[in-house]
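Working notes, structure below.
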2 protein chains.
Amino acid sequence: MPEATARSSGSRQSAIQLAPMEVPKASDVLARELRERILSGEFAEGAALPPERELVVQTQMSRATIREALRILEVQGLVRIKTGRAGGAFVQRPNKDAVASSVSLLIRGRQIRLSALLETREAIEPYCAQLAALHRTAEDLDALDAANDAIADDGSPLAAFLQANVDWHVAVATASHNELLTGFMTALSQAIYTATENERFVDQEVRRLTVRAHRSITKAIRAQDPDAAVRRMNRHVHSYAAAVLKVDKRTEISVAGGA
Amino acid sequence: MPEATARSSGSRQSAIQLAPMEVPKASDVLARELRERILSGEFAEGAALPPERELVVQTQMSRATIREALRILEVQGLVRIKTGRAGGAFVQRPNKDAVASSVSLLIRGRQIRLSALLETREAIEPYCAQLAALHRTAEDLDALDAANDAIADDGSPLAAFLQANVDWHVAVATASHNELLTGFMTALSQAIYTATENERFVDQEVRRLTVRAHRSITKAIRAQDPDAAVRRMNRHVHSYAAAVLKVDKRTEISVAGGA
DNA sequence: CATTTGCTAATGGTCCGACCTAAGTCACCT
DNA sequence: AGGTGACTTAGGTCGGACCATTAGCAAATG
């Protein structure tokens, strides 16, 4: 790759020199302005932004430009747009779903392997369990029990098991009362869910072991025993990862062998 | 909040029942379609999507609709749009910047406290160091050394120190060769940077200690000693967090006292 | 009176067509 | 040869029109 080293493109040099200038797009300018006002708290959550046509007269921009700006904010999770009378753009604080979706795109786009997802979970979740043991409330414990009861339901289909499994893990993260950690774990759990959906290794035995491990971890969290919580969670996610990867590898081999 | 419990709004019940139907927006449909094709690999990275006017004739949608769809993909980091002749929408795989920006919005929007950020780093980074010790390459070591040398430069301003600090931590994550973990750490480091920018506790002593800790951790990573890496990193981020929070708390008190 | 139905207004969604701006290409002129 | 400017192709912006959805109110209806 030959890098251009010249300071000008080879023509005569005038005495006057100007730096390259940035010309931002109008919709970006408006989006940035609105975003700053939202994040600064100037617009309260749930407040309605002016209607598009009103923004047109206020900003002197065209409606297309304004709509693009609103679309940007919508994708970023900063506003929610409702149609119809009394509709409009309503201010929203970004939530973990926005993070989850962008993480999901990263995973799909860069084809991050299941092993990397499980590895990441092994990094994060034991610490979540530790914090959960320290900060859990009664409601957190209820959520944990509810999710685990749903997992214990033998008759439920695979999808229900996996969803309940996700719910339990997210409940652990929620009990940590660290919103950022919760956001990461939500995104991660969802991704592991979809990646595991086609795995065939989830049988009654796996379910039984899962429920037992969850119960044990929940017990430590209830007892506010951070050491036990981190230790048991570590063991749980590690053994789960090992089990998944064993099946995963076997599948790869059988696929490769069958071709 | 009185929740509506009725299944219909109180009128006569016809025998025929219909579920609420979703009517997606045209731009969302197009965005979804293009997104799937990009993620499935049908469009290679760097490939140019058809020009807007060409998409108009292909999809029978208006240009405004198509532009909104492209704007969605742009915000999600799936395409990059260039103006001028030979411009257009070029396919891009989402990178960690997209995750970092959405995490940044989450942090600002939900006013996540610095203590939570540091807590999250304590969860993630020791594991990163462990993986780095296992998987680091020679290039990774070079990056670590370069970043730490930049930190050691006593004469540099605060911003340079903080940036070099971020670079080093990101380099550790990169050395783990887990793209998801790297994405998380990039987002997190950037956020901690901005949150720490105004802290006044970074003096020469802090710099000296930081450099020393980094050197020690780098040494463990170089020696491929995961246990030492995780232990030292744990200690480093923990003591850094304690130091920051001490100043943070003092600042809060002095502000409260002065008011 | 209660319910249903229909009308009206407000607001986002879509479309069309025009023009502006940015940036390669290339022929022409010096 | 080298610069200059017209041409061309792309996105960016604009204005206006009309459609679709929904809330609220009014009229019809039993």
Side-chain angles (χ1 to χ4, degrees), chain A residues 4 6 8-14 18 20-34 47-75 78-92, chain B residues 4 6 8-14 16 18 20-34 46-75 78-92:
Chain A
S8 85
S9 46
S11 70
R12 124 199 103 132
Q13 293 235 4
S14 164
L18 284 177
M21 301 176 66
E22 54 180 57
V23 183
K25 285 183 290 188
S27 50
D28 278 338
V29 172
L30 177 55
R32 180 187 314 273
E33 168 82 12
L34 292 173
L49 263 48
E52 294 178 356
R53 290 166 178 86
E54 174 63 22
L55 285 173
V56 167
V57 306
Q58 287 185 13
T59 65
Q60 303 286 343
M61 292 168 173
S62 80
R63 213 178 138 209
T65 300
I66 280 159
R67 285 179 56 77
E68 285 199 5
L70 291 176
R71 188 52 50 96
I72 291 172
L73 297 180
E74 188 186 27
V75 173
L78 287 164
V79 301
R80 185 176 139 239
I81 294 175
K82 285 196 295 195
T83 64
R85 186 172 177 166
F90 295 87
V91 174
Q92 218 183 204
Chain B
S8 83
S9 46
S11 68
R12 122 195 100 120
Q13 293 236 6
S14 163
I16 299 177
L18 284 178
M21 299 177 66
E22 54 182 58
V23 181
K25 285 182 290 188
S27 50
D28 278 339
V29 172
L30 177 55
R32 181 188 313 273
E33 168 82 12
L34 291 174
L49 262 50
E52 294 177 356
R53 290 166 177 85
E54 173 64 21
L55 286 173
V56 167
V57 305
Q58 287 184 13
T59 65
Q60 304 285 343
M61 292 168 174
S62 79
R63 210 176 141 211
T65 300
I66 279 159
R67 283 179 58 78
E68 284 199 4
L70 290 176
R71 187 53 48 98
I72 292 173
L73 298 180
E74 188 186 26
V75 173
L78 287 163
V79 301
R80 184 176 140 240
I81 294 176
K82 284 196 295 195
T83 64
R85 186 172 177 171
F90 295 87
V91 174
Q92 221 183 202

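Lettering of chains follows the sequences in order, A, B, ..., and the numbering in each one begins at 1.
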>> Under the side-chain hydrogen bond (donor to acceptor under 3.5 Å, both in side chains) definition, can you give me all pairs with a residue in residues 20-29 of chain B, not counting sequence neighbours?
In response: R71(A)-S27(B)
>> Between P on dG13(C) and CD1 on I66(A), what's the gap in Å once rounded to a whole number?
In response: 13 Å
>> The criterion is salt bridge (charged side-chain N to carboxylate O under 4.0 Å, His left out); which residues satisfy it with R85(B), sequence neighbours excluded?
In response: none
> At what angle, to 10 degrees, do the two end axes of the helix from dC1(C)-dG30(D) to dT30(C)-dA1(D) meet, given five pairs define each axis?
Replying inline: 10°
>> Restricting to non-hydrogen atoms, name the atom on A69(A) and the atom on A31(A) that form the minimum distance, rounded to 0.1 Å.
In response: CB-N, 3.9 Å
> How close or far is atom C1' of dG12(C) from atom CZ of F90(A), stated in whole angstroms?
Replying inline: 11 Å
> What are the two closest heavy atoms between L70(B) and V79(B), and how far apart are they?
Replying inline: O-CG2, 4.0 Å
> How does protein contact run along nucleotides 12-21 of chain D, one letter per nucleotide 5' to 3', with B for base contact, S for sugar-phosphate only, - for none, heavy atoms under 4.0 Å?
Replying inline: BBB--BB--B
>> Could you work out, with salt bridge (charged side-chain N to carboxylate O under 4.0 Å, His left out) as the rule, every residue matching E33(A), not counting sequence neighbours?
In response: R37(A)
>> Test of understanding: with salt bridge (charged side-chain N to carboxylate O under 4.0 Å, His left out), list the residues that count as partners of R63(A), not counting sequence neighbours.
In response: E52(A)
>> Using every non-hydrogen atom in the two residues, find where V56(A) and M61(A) come nearest and quote the distance to one decimal.
In response: CG1-O, 3.3 Å
>> Looking at every heavy atom in both A48(B) and F90(B), which two are closest together, and how far apart are they?
In response: CB-CE2, 3.6 Å
